[in-house]
Amino acid sequence: MKHTLPTRYDHRSVEAQKYETWLKHDLFRAQNTNKPPFCIVIPPPNVTGKLHLGHAWDTALQDIIARFKRMQGYDMLWLAGMDHAGIATQAKVEARLKEEGISKYDLGRQGFLDKAWEWKHTYADFIREQWATLGLSLDYSRERFTLDEGLSEAVKKVFVDLYNEGLIYQGERIINWDPQAQTALSNIEVIHKEVEGGMYHFRFKVVGSDEVLVVATTRPETMFGDVCVFVHPDDPRYTHLHGKTVVNPASKREMPILCDSYIDMSFGSGAMKCTPAHDPNDFNLAQTHHLDKVLCMNPDGTMNELAQKYVGLDRFDCRQALVAQLQEEGLVEKIEKHIHQVGHSERTDVIVEPYLSKQWFVKMKPMAEAVLKKQKEQGMNFVPERFEKTFIQWLENIEDWCISRQLWWGHRIPAYFHKESGDILVSLTPPQDSENYTQDEDVLDTWFSSALWPFSTLGWPDTSSSDLQRFFPNSVLVTGYDIIFFWVARMAFMSEHFMHELPFKDVLIHGLVRDAQGRKMSKSLGNGVDPMEVIETYGADALRFFLTTSSSPGQDLRYMEEKVEASWNFINKLWNASRFVLMNCPDDFKAEEALLSEASELDGWLLTKLETTIKSVTEAMEAYDFGLAGSTLVNFTWNDFCSWSIELAKVPLNGSDEKVKAVTLNTLVFTLKAILKMLHPFMPFVSEEIYAHLSDEISISVSEYPTSFLTSHVDVSRVDRLTSLISALRELRLSQNIKKANDLSIQLQDDQGRPYTLSEMEADILVKMVNSKEGEINPEGALTLPILSASVIVSMHEHMDVSEQVAKLEGLKAQLEKEMARSKAMLSNESFLAKAQPSKVEAEKAKASEYERQYETILAQLTALLTR
RNA sequence: GGACGCUUAGCUCAGUGGGAGAGCAUCUGCUUGACGUGCAGAGGGUCAGGGGUUCAAAUCCCUUAGCGUCCACCA
């Protein structure tokens, strides 16, 4: 199997064609075999555009889990899918139409939907291409779309069932209205931003007296919708005004002064104007006091006829004009700067108008309570744990969910109104006498269908679906903390309600990708990074490795190109190590596990480290701690495997003993294969490429994940001593400026001061790596240095710079003194000896004696040098 | 107003009860037959401040400060 790789890792050629091959061999399809099931459903990306770095991160994490579990022997289902993304997609399609000078009304509902589907197909293809470029092991045979036929049936059934159970209702309420998109929004689609506005204090003349009542507001234009002024019943300032009326300075209409203990006497003037149709609190007051609720705006955010001469004017233009008018009329007491939180639409970013409107709602309290109860009993395991709190607190304070949207792109609400009686019929199918009914024009919030994703994608409402039985609850959900409310919580209550189980065993939460300065990536800042461009430069493997190993769970991640480059460098290192191993494999070489039993000390040393690495990597992978798994793998590969074992192995590999050669090579190949397998979930392409040279298996992705293999303890102390010796001699050469050409003569003593002799192999290694060998010591210039559980005596000839060496030893001495002091303090502490774990005490004693030994050596050497 | 996170080497971040770590950057030496995208070394930190618990605290608790995020209807 003699192969040579190109000297430089070329991600482009390595990553080409592999994905197609994987798909051709159908490696990613869950098979429903007797293997244990493991299931992840992808958080469906919106069909609005290209995937960004956040998607790359989220999906790379899932792919790591999927590939890991597949290799561990699970029947892995990673279900592909996409979201129709109601408002977002409709806005994009509308914007494109606008460029062509077409309005959606020109096309009509069906014509517009045709355009939207065209859009969907284009972007779905685009997304699939990007998934392929990222190397994601998705099961496309089960790919779903939130608006496909099956999922639409699920949505309808959920709506009808919840309606019949009284958990969905239609109501006239203050909702968040987006005047640009002209649709209602749910509470969490409103982004509160700090805005500097004004607190306007207006004079309301009291009728029948020359008194004025000062009332403050932040939204003067809503005065056209005012119906009264409220004061606190116990407010002594206003007792004499009870029952009187005031003149609304905007509309000039008379309104009563009413009392309610809701009013905060200490806020502002203690008098509050009431606009029931434009403020939720005012609406509640109006309910209890049976007041009219009048809208003073149109759905597009312009003023209606109630605003009199301002009719048709935009709400904010009206505000400005009205304030100017009232200033002229002397009705403005004062205007203060006021910083407050103002709601903006998540999608259009316009200021949301609290607006009285008839909408559909989901009654949340009972469903949320059921989830909270279940979460307490047998909850989903949040990783990191703290996000469970976020989840719980939101559910504990939940309000009813406004689910109707005044859009066309989405699931149309299955409610039919009788044309004459107005009776409502909610049904899976249109009524028989459909000519007498009109269907509700609105569609459902896009999150309504996403909320069903963990079971609707598996075949629900067909409860006999084998996928549903096998893969629900899903094993793990991977998503960002930003959509815990939007999505995780909603999936939880829908699953609990319809499946009687919470949807996931584990919920892995990650952070957000930020730019190198720590800012959120956004279109307006123009600091977004296109994952496809990164892949072009560094390859998908390097990007994936960077994304998945550069942060700890739940923390945000800064995108830093240097780090992607570092990942690339690591892959190049792996590539070249593999190249070395392959170059040494003879044509007929076949790795044999049996040879491991004949492993040399050098082999045993590496295999012991490999064993430990397999254990800790597996543990980290199972805990979803990919940063730890990654750094463990880099350490082992770069330091233990490349820097030590390969360098050490060059001696036996260049030797004449064919048997030793074969065993050494076997160890290297065995280790390399294990490394590749452990790296495969992170870097599927390059691991596949290299593995193909080492194995006849169809793909590394269907190979077995490495497990514990050492059957007996291996004594690694000689190799540890050897590496310590090599390091000490390297350092000596550098600090003493001794060229490699000048050989060094050494002698060794063990930690008892007895002579210690190197084996033939060790001696050869020492010559090759540091040009040193055991031999006569020049008593005039001998230097004794401590190494790990031994000492080396070096014959120094004329090369030694005494003052340099003294300084070096003084430094070492100081360090050891510090450690010895610490150690001594601990060991002479009765409490420590009595209370600390016995193993800690033993470890400390061992350290103390090694320190002491090294200290003695240094002290003796220093004395010798100084008296020379 | 609540809740959460962060503060560790010049930069970006790990670590989380018993010897301060990595990558990048810096400095020194090296064309060693896998790799100069590399190799071998080195320097660099009162682990934000204060208090407490403990035999022992960068690590646990309290507190202060700074930065950040989320939630929240005060006109």
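Chain letters run A, B, ... following the sequence lines, proteins first, then strands; residues in each count from 1.
Using the six-membered ring where Trp is involved, A:Tyr355 and A:His278 have ring planes that are perpendicular, over 60° apart on the 30 and 60° scheme. Using cut-offs of 30° and 60° for the angle between ring planes, the A:Tyr9 and A:Trp575 rings count as tilted.
Residue A:Ser727 places at least one side-chain N or O closer than 4.0 Å to OP1 or OP2 of B:G41. A sub-4.0 Å separation between OP1 or OP2 of B:G33 and a side-chain N or O of A:Lys650 is absent. OP1 or OP2 of B:C13 has not a single side-chain nitrogen or oxygen of A:Ser550 nearer than 4.0 Å. Taking side-chain N and O atoms only, A:Arg558 has a distance below 4.0 Å to OP1 or OP2 of B:C13. Proximity of A:Arg386 to the phosphate of B:C4: no side-chain N or O atom is located under 4.0 Å from OP1 or OP2. For B:C73, the OP1/OP2 oxygens have no side-chain nitrogen or oxygen of A:Asn284 closer than 4.0 Å.
For A:His289, the side-chain hydrogen bond (donor to acceptor under 3.5 Å, both in side chains) test picks out A:Asp260, with sequence neighbours left out. Remark: A:Asn576 engages A:Thr7, A:Asn572, A:Arg579 in a side-chain contact (heavy atoms from CB on, under 4.5 Å) (not counting sequence neighbours). Every side-chain hydrogen bond (donor to acceptor under 3.5 Å, both in side chains) that A:Lys650 has, sequence neighbours left out, goes to A:Glu647. Partners of A:Asp625 according to the salt bridge (charged side-chain N to carboxylate O under 4.0 Å, His left out) rule, which considers only residues two or more places apart in sequence or in another chain, do not exist here.
Look at the C1' atom in both B:C24 and B:C61: the space between them is 36 Å, to the nearest Å. Taking atom P in both B:G52 and B:A57, the straight-line distance is 12 Å, to the nearest Å. Look at the P atom in both B:G43 and B:A22: the space between them is 12 Å, to the nearest Å. Look at the C1' atom in both B:G45 and B:A3: the space between them is 33 Å, to the nearest Å. Spacing of P atoms, B:A72 relative to B:C67, comes out at 24 Å, to the nearest Å. For the P atoms, the distance linking B:U46 with B:A9 amounts to 9 Å, nearest Å. Nucleotides B:A20 and B:U8 have their C1' atoms positioned 9 Å apart, rounded to a whole Å. B:C60 sits 16 Å from B:G15 when the C1' atoms are compared, rounded to a whole Å.
Sorted by first and then second residue, the salt bridge (charged side-chain N to carboxylate O under 4.0 Å, His left out) pairs involving residues 724-737 of chain A (not counting sequence neighbours) are A:Glu731-A:Lys808. Counting only residues at least two apart or in different chains, side-chain hydrogen bond (donor to acceptor under 3.5 Å, both in side chains) contacts with residues 543-553 of chain A comprise A:Asp63-A:Arg544. Within the structure, side-chain hydrogen bond (donor to acceptor under 3.5 Å, both in side chains) contacts touching residues 809-818 of chain A (residues at least two apart or in different chains) are A:Glu817-A:Tyr855. Screening residues 551-572 of chain A for salt bridge (charged side-chain N to carboxylate O under 4.0 Å, His left out), with sequence neighbours left out, gives A:Arg514-A:Asp556.
Nucleotide B:G1: paired with B:C71 (Watson-Crick or G-U wobble, both distances less than 3.5 Å). Across all strands shown, B:G33 has no partner, as no Watson-Crick or G-U wobble contact with both distances under 3.5 Å is found. Within the shown strands, B:G52 is the pairing partner of B:C60 under the Watson-Crick or G-U definition, both distances less than 3.5 Å. Across all strands shown, the partner of B:G23 is B:C11, judged by Watson-Crick or G-U wobble contacts whose two distances both fall under 3.5 Å. Nucleotide B:C6 is matched to B:G66 when pairs are restricted to Watson-Crick or G-U wobble geometry with both distances under 3.5 angstrom. In this entry B:G45 has no Watson-Crick or G-U wobble partner, no candidate having both defining distances under 3.5 Å.
Between the OH atom of A:Tyr9 and the P atom of B:C35 there is a distance of 18 Å, given to the nearest Å. For the pair A:Lys739 NZ and B:G29 P, the interatomic distance rounds to 8 Å; values are reported in whole Å. Atom pair A:Leu833:CG and B:G18:C1' shows a separation of 13 Å (rounding to whole Å applied). The CZ atom of A:Phe832 sits 12 Å away from the P atom of B:A56 (whole-angstrom rounding). Rounding to whole angstrom units, NZ of residue A:Lys845 and P of B:G18 are separated by 20 Å. Rounded to whole Å, atom C1' of B:G17 lies 14 Å from atom CD of A:Glu844.
The residue A:Ser735 sits apart from the nucleic acid: no heavy atom pair falls under 4.0 Å. Nucleic acid contact for A:Lys847: base, since at least one base atom lies under 4.0 Å from a heavy atom of the residue. Using a 4.0 Å heavy-atom distance criterion, A:Ser631 is classed as making no nucleic acid contact. Contact annotation for A:Ala271: no contact, since no heavy-atom pair falls under 4.0 Å across all strands.
Here the shortest heavy-atom pairing between A:Tyr200 and A:Pro220 reads CD1-CG, 3.4 Å.
Positionally, the nearest nucleotide of RNA chain B for A:Ser831 lies more toward the 5' end than for the other of A:Thr218 and A:Ser831. Taking for each of A:Ile263 and A:Arg822 the nucleotide of RNA chain B with the nearest heavy atom, the 5'-most of the two is the partner of A:Arg822.
Applying a 4.0 Å cut-off to non-hydrogen atoms, none of the residues of residues 807-816 of chain A approaches RNA chain B. Within residues 635-648 of chain A, the residues having any heavy atom closer than 4.0 Å to RNA chain B are, in order of number, A:Trp638, A:Cys642, A:Ser643, A:Ile646, A:Glu647.
We find that A:Glu353 and A:Arg219 are joined by a salt bridge, their nearest charged nitrogen and carboxylate oxygen being less than 4.0 Å apart.
In this structure, of B:A75, B:G41, B:G33, it is B:A75 that holds the atom nearest to the side chain of A:Tyr262.
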Could you encode protein contacts along nucleotides 65-71 of chain B as a string, one character per nucleotide from 5' to 3', using B for base contact, S for sugar-phosphate-only contact and - for no contact, with a heavy-atom cut-off of under 4.0 Å? -----SS
With a 3.5 Å cut-off and sequence neighbours excluded, list the donor-acceptor pairs that the side chains of residues 628-643 of chain A form with protein atoms.
unit_1, atom_1, unit_2, atom_2, d
A:Ser631, OG, A:Gly627, O, 3.2
A:Ser631, OG, A:Leu628, O, 3.2
A:Thr632, OG1, A:Leu628, O, 2.7
A:Asn635, OD1, A:Asn639, ND2, 3.1
A:Thr637, OG1, A:Leu633, O, 2.6
A:Ser643, OG, A:Trp638, O, 3.1

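Between A:Phe230 and A:Tyr262, a ring centre-to-centre spacing not shorter than 6.0 Å is recorded.
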